[in-house]
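A short write-up of the structure that comes next.
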Amino acid sequence: MDELMSIIYMCFIIPMFPFLLILRDKRSQVLVGCLMAGISICFGAAYINRSLLILCGGDALYVTTNITPISEEVLKAVPVLFLAYFISDERDFLLSAAFAVGVGFAILENTVILTSNIETVTVLWAFLRGIGAAFMHGTATAFVGYGMSYVKKKKKLFYCGTFSLLIAAIIYHALFNLIVQSGFGMVAFFIPTVLFLYMFYEVYKSNLLKEELL
């Protein structure tokens, strides 16, 4: 399993380096870098989560609903906090960058799960997993990025605001994992889709309003 994940990780991350180097637009560089960061975070989180699973006696249901949402959302938030603090706290920038981190995480996670269960997975499973996990990880991290564009400007709210955003993302992630492993697993994959479509609508509406004001 370790070797398989390392191979998949290198197959994804290595080709992205030359692509990153030829990009000239700074925003594009940041987004590709965030995608790479998400893939790398997933790679590191796999080893952390495995250790946590051993510490919890191998109880996968408990770990995936109580532990991994915390470790994964905190790790995914690190590059978002870095960008908000040192690069830009502009809303659209953080929203896009944070979503890229989440999607990068989902890409490696989905690929490893698929290849590890290649004899049992179906096209429908891959489709639903691709949508559900990508949108779940993407929207959870995007929520933190979106919120950081506000709390970063308010020093009194920065620490409690950042903590609250992480808690919200963790709860959302944990609920998704819990529903996926219940008898309503198929339903869970549509919840992040609805949230993504709502987020997309709000961003689109906001951009239209900006264009009208200009």
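For this chain, numbers begin at 1 and follow the sequence in order.
There is no side-chain donor-acceptor pair under 3.5 Å between Glu90 and Ser149.
Across all their heavy atoms, Val103 and Ala134 have their closest contact at CG2-O, 4.2 Å. Taking all atoms of both residues into account, the shortest heavy-atom contact from Ala140 to Ala169 is O-CB, 3.8 Å. Among all heavy-atom pairs drawn from Ser71 and Thr68, the shortest one is OG-O, 3.1 Å. Closest approach of Asn110 to Gly130, counting heavy atoms only: ND2-CA, 3.6 Å. Here the closest non-hydrogen pair linking Leu20 and Gln29 is CD1-O, 3.3 Å. Taking both residues in full, the closest heavy atoms of Leu31 and Ala100 are given as O-CB, 3.8 Å, listed atom of the first, atom of the second, then distance.
Taking hydrophobic clusters as Ile, Leu, Val, Met, Phe, Trp and Tyr residues chained together by side-chain heavy-atom distances below 4.5 Å, Val101 does not share a cluster with Tyr9. Criterion: ILVMFWY side-chain heavy atoms under 4.5 Å apart, direct or through other members. Under it, Ile107 and Phe127 are part of a common hydrophobic cluster. Linking Ile, Leu, Val, Met, Phe, Trp and Tyr whenever their side-chain heavy atoms come within less than 4.5 Å puts Tyr85 and Leu165 in one cluster. Linking ILVMFWY side-chain heavy atoms closer than 4.5 Å, directly or via other members, places Phe86 and Leu94 in a single hydrophobic cluster. In the hydrophobic cluster analysis, where Ile, Leu, Val, Met, Phe, Trp and Tyr join through side-chain heavy atoms closer than 4.5 angstrom, Leu95 is grouped together with Tyr150.
In this structure, Lys152 is not positioned above the aromatic face of Phe158 in the sense of NZ or CZ being under 6.0 Å from the six-membered ring centre and within 45° of the axis.
Aromatic ring pairs are classed by plane angle as parallel below 30°, tilted from 30° to 60° and perpendicular above 60°; the pair Tyr47 and Phe43 is perpendicular.
Proximity of Cys56 to Asn66: side-chain heavy atoms (C-beta onward) are nowhere separated by under 4.5 Å. Between Leu83 and Ser88, the closest side-chain pair of non-hydrogen atoms is not below 4.5 Å. The side-chain heavy atoms of Met5 and Glu109, taken from C-beta on, include no pair separated by under 4.5 Å. The closest side-chain heavy-atom distance from Ile13 to Met36 is below 4.5 Å. At least one side-chain heavy atom of Leu108 sits less than 4.5 Å from a side-chain heavy atom of Val112. Side-chain contact between Tyr172 and Pro192 is present, with at least one heavy-atom pair separated by less than 4.5 Å. Using a 4.5 Å heavy-atom threshold, the side chains of Trp125 and Ile113 count as touching. In this structure, the side chains of Phe190 and Leu128 come closer than 4.5 Å at one or more pairs of heavy atoms.
Judged by distance alone, with hydrogens and angles left aside, the side-chain atoms of Asn177 form a donor-acceptor pair with the main-chain N or O of Thr64 at under 3.5 Å. No donor-acceptor distance shorter than 3.5 angstrom exists from the side chain of Asn117 to the backbone of Thr120, with no hydrogens or angles considered. Panel note: side chain Thr141, backbone Gly138; no donor-acceptor pair is recorded below 3.5 Å. Not one N or O on the side chain of Glu73 forms a donor-acceptor pair closer than 3.5 Å with the backbone of Leu166.
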Exercise for the section: Tell me, with the steps shown, if Phe19 and Leu23 meet side chain to side chain contact (heavy atoms under 4.5 Å, CB included). Expected result: CA-CA 7 Å; Phe19 179 53; Leu23 291 173; 4.1 Å; yes
Practice task
Determine, stepwise, if the pair Thr193 / Leu197 fulfils side chain to side chain contact (heavy atoms under 4.5 Å, CB included).
Solution key: CA-CA 6 Å; Thr193 305; Leu197 292 175; 4.3 Å; yes
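Atom OG1 of residue Thr139 and atom CZ of residue Phe176 lie 9.0 Å apart, to the nearest 0.5 angstrom. Distance check: Arg91 CZ to Lys153 NZ gives 10.0 Å after rounding to the nearest 0.5 Å. Atoms CD1 and CG, from Ile179 and Leu175 in turn, are 6.0 Å apart once rounded to the nearest 0.5 Å. Atom NE2 of His173 is separated from atom CD of Glu72 by 4.5 Å, given to the nearest 0.5 angstrom. Annotation: the span from Ile87 atom CD1 to Lys26 atom NZ amounts to 10.0 Å, rounded to 0.5 Å. Atom CG of Leu81 is separated from atom CE of Met148 by 5.0 Å, given to the nearest 0.5 angstrom.
Between Phe135 and Phe189, the distance from one ring center to the other does not fall under 6.0 angstrom.
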